[in-house]
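For reference, the structure discussed in these notes is given below.
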Amino acid sequence: LIGITAGSDSKRRELYSVRHEYVRSVERAGGLPVVLVPGGGRPAGTSGLAGRLDGLLVTGGVDIAPELYGMERHPTVSAVDAERDGFEFSLLKDALARDLPVLGICRGIQMLNVVLGGTLVQDIPGEVPGAVLHDDPDRPRDAIAHPVEVVPGSALARLLGAGKVDVNSFHHQAVGRLGEGLVVTARSADGIVEAVERPASRFVLAVQWHPESFWRESGRFGSLFQAFVEAAVAGASRRPNG
Ligand SMILES: [Mn+2]
């Protein structure tokens, strides 16, 4: 049972939204997807929810409020979703405490870093001179934007191979100061962090690109979702009522 986080739709705030591609990718890997919405504040918190999941997929979306990582808001930071920020922060903390398998994507890698005490680059074009073009919203979702260099010996390298991997890219923010216990496992040529893992956990892996957009060609990034769901299944079978 894989929880997939959703937030308010950026254009129609009265609706929750999540890209189908996340759901398709989890299904393809053999997981049972369940979409998680923030709600208006749960009296019991998120711990009970985390305890009923076998894995947590933290998805892409709008910028995280910089107040969450102790910085002042850069002018390019788009409309934030405070409800989603609070929900994902709490749920991810609970998931890490329970050693639940976690896959973070785009905003998901950023939220993972923030939960572990890290910061974000709030606007790559403004803060990283000569940066690669990481965000061109007019490109198709599965268009290759730039390569990343995967660190040998990492879990990511075991899944995708070490060295150069071509990825898509839809982000103007990135991981800044690294959160506690995380290691960088891929960067683009301009030094931007494109993947992290948490070696102390059973499976905590996050990427800045969008592997879910390639769900039709499972050969490219299907192994990420497969390894994630396998870790979730392994954890579920260890539980008394699993
Ligand atoms: Mn990128």
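Note that the structure is predicted; figures quoted are calculated from it, not measured. Note that ligands are numbered from 1 as they come in the structure, with each ligand's atoms numbered from 1 the same way.
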The Mn ion (ligand 1) has as its nearest N, O or S atom from H146 the atom NE2
Among the N/O/S atoms of H134, the Mn ion (ligand 1) lies closest to ND1
**Q.** Pi-cation contact, F170 with R141 (under 6.0 Å, within 45°)
**A.** yes
**OP:** Spell out, as yes or no, whether a donor-acceptor pair under 3.5 Å connects the side chain of E212 to the backbone of S25.
**Re:** no
Taking 2.8 Å as the cut-off, does Q208 contribute an N, O or S atom near the Mn ion (ligand 1), distance below it?
no
In E194, the N/O/S atom nearest the Mn ion (ligand 1) carries the name OE2
- Taking atom CD of E72 as the centre, report whether more than 12 heavy atoms of other residues, nucleotides or ligands fall under 6.0 Å from it. no
Original post:
How about I124 and H134: do any of their side-chain heavy atoms sit closer than 4.5 Å?
Top reply: yes
